Amino acid sequence: MALLWLFVLAALRVVRSDIYAASGMRVAMPGFGKRAQKQRGGKAPRQMVVTHGALAGTRISLDGRPIMIGRADDSTLVLDDDYASTRHARLVMRGTDWYVEDLGSTNGTYLDRAKVTAPLRVPLGVPIRIGKTVIELRS
């Protein structure tokens with residue numbers, strides 16, 4: 001009976017983290033993406049590239065809109081990975097920089113080797129790891 005209760009509590013914890021992560025979405029400020037790229041003279045990230053994992057080689061253009069990453073069908077990058085949460089992480093543009101945020105995932109999001117516990121600025125070419133998937137921002 002105790003094992004059954006532990007299973008129920010664990011399931012509720014996962015559902016709760018997915019619900020709170022989905023409700024905390026913010027919208028990037030419109031118009032900043034292209035202006036920021038012009039100001040930096042081509043050094044601003046223009047695409048997100050999956051470098052390792054089942055989706056290796058996938059490229060997504062960065063246009064200033066937030067990028068949702070997870071197992072949910074409405075994510076920008078849909079991961080078929082047992083270690084990814086439904087709404088695992090998102091990339092958002094703030095000013096001229098891109099930031100990665102973990103959305104309360106079970107297994108965490110890593111920028112290079114550091115666990116993401118608060119929004120972190122993502123430099124060009126620094127790997128972001130979500131389960132078995134690794135992505136980078138490139139110009």
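Here the structure is a predicted model, which is why all the values come from computation and not from measurement.
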Once salt bridge (Lys or Arg N to Asp or Glu O under 4.0 Å) is applied, what residue pairs with a partner in residues 124-137 remain, sequence neighbours excluded?
E136-R138
From CA spacing to verdict: side chain to side chain contact (heavy atoms under 4.5 Å, CB included), L137, V49:
CA-CA 6 Å; L137 299 185; V49 179; over 6 Å; no
Once rounded to the nearest 0.5 Å, what's the spacing between atom CD1 of I130 and atom CD1 of I135?
5.0 Å
Would you find a donor on one side and an acceptor on the other, under 3.5 Å apart, between the side chain of T51 and the backbone of V134?
yes
Residues 111-118 side chain polar contacts: donor-acceptor under 3.5 Å, at least two apart:
none

Roughly how far, to the nearest 0.5 Å, is the CZ atom of R121 from the OG1 atom of T96?
8.5 Å
Could you state the interatomic distance from CD1 (I60) to OG1 (T58), rounded to the nearest 0.5 Å?
7.0 Å
State which residues pass side chain to side chain donor-acceptor pair (under 3.5 Å) with D81; sequence neighbours excluded, sorted by chain then number.
none
Restricting to non-hydrogen atoms, name the atom on L103 and the atom on M68 that form the minimum distance, rounded to 0.1 Å.
CD1-CE, 3.5 Å
Run the side chain to side chain contact (heavy atoms under 4.5 Å, CB included) test against A72 and tell me which residues pass, sequence neighbours left out.
D74, S75, T86, R87
Calculate, to the nearest 0.5 Å, the distance between atoms CD1 and OH belonging to I128 and Y110 respectively.
14.0 Å
Flag if over 12 foreign heavy atoms under 6.0 Å of OH, Y83
no
Keeping S105 on the side-chain end and D102 on the backbone end, is there a donor-acceptor pair under 3.5 Å?
no
Set of residues satisfying side chain to side chain donor-acceptor pair (under 3.5 Å) with respect to T133, sequence neighbours excluded:
none
May I ask you to decide if A84's main-chain N or O and R71's side chain share a donor-acceptor pair within less than 3.5 Å?
yes
Least distance between heavy atoms, P45 atom then W98 atom
CG-CD1, 3.9 Å
Atom CG of residue position L3 - does it have more than 12 heavy atoms of other residues, nucleotides or ligands inside 6.0 Å?
no
A side-chain contact here means heavy atoms from C-beta on lying under 4.5 Å apart; do V100 and V92 qualify?
no
Measuring only between side-chain heavy atoms, which start at C-beta, is L62 closer than 4.5 Å to R46?
no
Holding to salt bridge (Lys or Arg N to Asp or Glu O under 4.0 Å), I want the full list of residues that pass it with D82, two or more places apart in sequence or in another chain.
none
So, the side chain of H88 versus the backbone of T106: is there a donor-acceptor pair under 3.5 Å, distance only?
no
So which heavy atom on S139 is nearest to which on Q47, and how close?
O-NE2, 4.1 Å
Taking C-beta and beyond as the side chain, do L55 and L79 meet within less than 4.5 Å on heavy atoms?
yes
